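Have a look at the structure below, then the notes.
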Amino acid sequence: MIQPRTLKGFRDHLPAQALARERVLDVARRVYRSYGFAPIDTPALEYLEVLTGKGSEETDKQLYRFTDHGGREVGMRFDLTVPFARFAAQHVNELGLPFKRYHMATVWRGENTQRGRYREFMQCDFDTIGTTSPVADLEMVLVVHDLLAAIGVERFTIRVNNRRVLGGVLGRLGLAAQATGVLRSLDKLGKASPEAVAAELAAQGVAESAAATLLEMAALSGPAEQVLGRLAELVGEEGPGAAGVAALRGIIAGAAAAGVPAGRVVIDPGIARGLDYYTGIVLESFLDDLPSLGSICSGGRYDDLAGLYTKQPLPGVGASLGIDRLLAGLEELGQGGGPETPAQVFLAHFDAAHLADYLRIAAALRRAGLAVEFFPEPKKLGQQLKLASKRGIPAALVIGGDEFAAGTAQLKNMAAETATTVAWHGDEQILLAAVRALLATRG
RNA sequence: GUGGCUGUAGCUCACUCGGUUAGAGCACCGGUUUGUGGUACCGGGGGUAGCGGGUUCGAAUCCCGUCAGCCACCCCA
């Protein structure tokens with residue numbers, strides 16, 4: 001016997017989880033489309049050179065790679081941004097700019113697993129390329145907000161920063177050259193103590209006063225106006241830092257104008273993110289009740305998406321929802337419960353002699369858009385109802401020989417444990433109306 | 001990838017110093033005289049104790065390896 005098992009970091013999805021995932025995907029699709037983002041898709045497999053081109057050592061280590069049957073060196077995509085860069089370079093001329101796309105697909109990373117960290121998981125990306133407008137930046141924040149709100153996440157916070165603020169402060173402190181190391185250390189705040197981070201900074205040759213300034217900046221929190229005020233002092237009157245602060249001001253004002261509840265979007269100067277290609281706004285979002293899960297939706301602005309593949313500069317801004325991490329978080333918070341079946345109506349298979357009638361009834365209900373589960377065999381009624389009950393199907397129709405003779409049907413409200421008799425006399429529209437009325441009472 | 005913790009039925013767990021055919025609750029399947037669910041009663045299936053090896057007269061219990069989950073680091077969704 002072969003032991004049935006799955007690879008480390010790869011998971012099966014039972015109906016309850018798969019349905020929860022599809023619900024989130026449906027919401028994401030709807031929200032993305034509501035802003036005019038268009039769907040694209042790309043292959044799971046790419047030429048290795050396409051994926052490793054900009055490759056940091058880190059992504060290189062995580063890449064699933066192999067030689068295919070034709071001797072080609074190939075790799076499985078580890079995010080949706082790199083394939084999009086290739087895609088954009090290859091198709092700009094057909095797309096027109098600015099171009100807004102969303103892409104929801106599976107990616108693979110051979111890294112060590114943990115809660116909310118898998119080797120196979122889905123990302124739901126959206127990007128706007130071909131414009132440097134702050135409106136595009138703002139729109140990203142709005143999409144993230146609408147997305148999490150529409151998914152039904154009860155408590156979340158979108159943390160926003162701007163790389164130019166970080167750059168500006170580092171510049172004024174004369175630390176521009178060692179930005180990467182400094183940012184990496186600052187990023188540990190929240191996990192490591194300020195003292196530990198200060199020590200790490202000192203080890204990099206950062207002066208004590210400069211370190212104090214950086215720590216103060218990264219720890220700034222509170223009302224946006226207050227944080228922005230202090231940041232403005234730290235970055236000075238002019239230069240990139242001041243521009244970054246102004247941009248953040250615009251984001252806060254724009255989010256408010258668009259109706260985002262105050263407090264959902266906060267300025268967090270400690271957000272540095274993937275120190276490589278982000279150049280402007282950066283954002284991360286967290287579940288307030290489970291911050292240790294990490295960011296569930298992150299992104300930012302980049303100067304040049306596809307420089308590796310084309311000479312045409314393609315600036316853009318985008319973010320990615322980690323749907324599997326989000327679902328893991330919601331489940332842990334007890335917000336993940338849901339039905340085990342999409343069926344809305346259970347049609348009991350009572351009397352085999354009336355099979356044709358059952359098929360006609362099911363077809364009529366399905367044509368009307370209802371999800372109908374017709375039991376495949378004329379098993380004992382009690383067992384059929386037990387299954388319907390366990391699955392959480394809200395409505396059940398029981399129609400046996402007596403009912404057919406009388407022109408009636410028994411319609412059960414499974415949750416309320418009640419039943420009504422519907423006189424339909426062969427008219428499926430009457431049955432349909434009765435079922436719809438029942439379903440409507442439960443929202 | 002590095003370090004640590006964990007691994008007994010689908011799930012949550014038990015098995016006192018290693019000692020006979022590894023148990024319970026829930027879940028699942030069936031029944032309670034053949035047309036009605038979530039309650040009750042009765043019965044049933046399911047575990048070579050993740051897998052492999054070692055120590056021992058004897059291991060779920062000790063040791064090693066491996067696989068997997070979790071935690072920290074790294075990085076990130």
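Computed from a prediction, not measured in an experiment: that's the story for all the values here. Here is the naming used below: chain letters follow the sequence lines, and residue numbers restart at 1 for every chain.
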Side-chain N or O of A:Gln410 versus OP1/OP2 of B:U36: is the shortest distance under 4.0 Å?
no
Any A:Arg115 side-chain nitrogen or oxygen under 4.0 Å from OP1 or OP2 of B:G69:
no
[N] to [M] separation - [atom1] atoms, rounded to the nearest Å:
| N | M | atom1 | result |
| --- | --- | --- | --- |
| B:G52 | B:G3 | P | 26 Å |
| B:G50 | B:G10 | C1' | 15 Å |
| B:G46 | B:G30 | P | 16 Å |
| B:A14 | B:A22 | C1' | 10 Å |
| B:C29 | B:A59 | C1' | 34 Å |
| B:C5 | B:U66 | P | 15 Å |
| B:U33 | B:C15 | P | 41 Å |
| B:G19 | B:C63 | P | 15 Å |

Which ones in residues 378-391 of chain A lie close to RNA chain B, meaning a heavy atom under 4.0 Å from one of its atoms?
A:Lys379, A:Lys380, A:Leu381, A:Gly382, A:Gln383, A:Leu385, A:Lys386, A:Ser389, A:Lys390
Among [options], find the nucleotide with the atom closest to the side chain of [X].
| X | options | answer |
| --- | --- | --- |
| A:Arg117 | B:G35, B:A77, B:C74 | B:C74 |
| A:Lys412 | B:G37, B:A77, B:C75 | B:G37 |
| A:Thr113 | B:G35, B:A77, B:G69 | B:G69 |
| A:Arg109 | B:G35, B:C76, B:G69 | B:C76 |

Taking NZ, NE, NH1 and NH2 as the nitrogens, is one of them in A:Asp26 or A:Arg23 under 4.0 Å from a carboxylate oxygen of the other?
no
Cation-pi check for A:Phe346 against A:Arg391: NZ or CZ below 6.0 Å from the six-membered ring centre and within 45 degrees of the axis, yes or no?
no
Can you give the dot-bracket line for RNA chain B, using ( ) for pairs inside the strand, [ ] for pairs that cross earlier ones, | for pairs with another strand and . for unpaired bases, where Watson-Crick and G-U count if both distances are under 3.5 Å?
(((((((..((((.....[...)))).(((((.......))))).....(((((..]....))))))))))))....
Taking only residues two or more places apart in sequence or in another chain, which ones pass ring-ring contact (aromatic ring centres under 6.0 Å, His included) with A:Phe404?
A:His354, A:Tyr358
Under 5.5 Å between ring centres and under 30° between planes: does that hold for A:Phe121 against the base of B:A77?
yes
